[in-house]
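Both backbone and side-chain heavy atoms feed into the values below; hydrogens, waters and symmetry mates do not.
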Amino acid sequence: MPLVVSAEKAVSLDPQKSLYHEWLGKTYGEKAGHAGMFSALSLAKKARKEFERAVELDERIFSAYQALIEFDCSAPGIAGGGEDKARPEIC
């Protein structure tokens, strides 16, 4: 939990920093991998939202695009993922 708290704190201190949103998305994703089904679903949705925000804030950060695309390609639709969402990001 400390990583999630730290990443949330970073975002709250500078919500316009793309990298912080990317880190928060990754921490949510990591936590989702170890959570129960319902918690994992909620965390996965939060992760996608953070990756999306990171890309919105700075389109030049390749790692944020990559995280969003990887999420969309691997997460089920119920968690906000789906290859159909990844296609526009790839092109």
- Query: Can you name the nearest heavy-atom pair linking Ala40 to Ala35, along with the distance?
  - Reply: N-CB, 3.9 Å

- Query: Atom NE2 of His34 and atom OG of Ser39: how far apart are they, to the nearest 0.5 Å?
  - Reply: 13.5 Å

- List in chain and number order the residues that pass side-chain contact (heavy atoms from CB on, under 4.5 Å) with Ser63, two or more places apart in sequence or in another chain; answer none if no residue qualifies. Glu22, Ile61

- CG of Leu24 to CG of Leu19: how many Å apart, nearest 0.5 Å? 11.5 Å

- Message: Can you confirm whether Arg48 sits close enough to Asp72 that some side-chain heavy atom of one is under 4.5 Å from a side-chain heavy atom of the other?
- Response: yes

- Item | Of all pairs that satisfy side chain to side chain donor-acceptor pair (under 3.5 Å), the ones with a partner from residues 9-20, not counting sequence neighbours | none

- Kindly write out the residues that satisfy side-chain contact (heavy atoms from CB on, under 4.5 Å) with Gln66, not counting sequence neighbours, or none if the list is empty. Phe62, Glu70

- Message: Set out, in order, the CA-CA distance, both residues' side-chain angles and the distance that settles salt bridge (Lys or Arg N to Asp or Glu O under 4.0 Å) for Arg53 and Glu50, then state yes or no.
- Response: CA-CA 5 Å; Arg53 183 68 180 139; Glu50 294 302 326; over 6 Å; no

- Tracing side-chain contacts under 4.5 Å among Ile, Leu, Val, Met, Phe, Trp and Tyr outward from Leu57 reaches none

- Task: Please name the pair of heavy atoms, one in Gly25 and one in Ala47, separated by the smallest distance, quoted to 0.1 Å.
- Result: O-CB, 3.4 Å

- Roughly how far apart are Ser74 OG and Ile69 CD1, rounded to 0.5 Å? 11.5 Å

- salt_bridge(Glu52, Lys49) N-O dist < 4.0 Å: no

- Query: Excluding sequence neighbours, so at least two apart, what forms side-chain contact (heavy atoms from CB on, under 4.5 Å) with Ala67?
  - Reply: Lys26, Phe51

- When Ile, Leu, Val, Met, Phe, Trp and Tyr are grouped by side-chain heavy atoms lying under 4.5 Å apart, directly or through other members, which residues fall in the same group as Ile78? Leu41

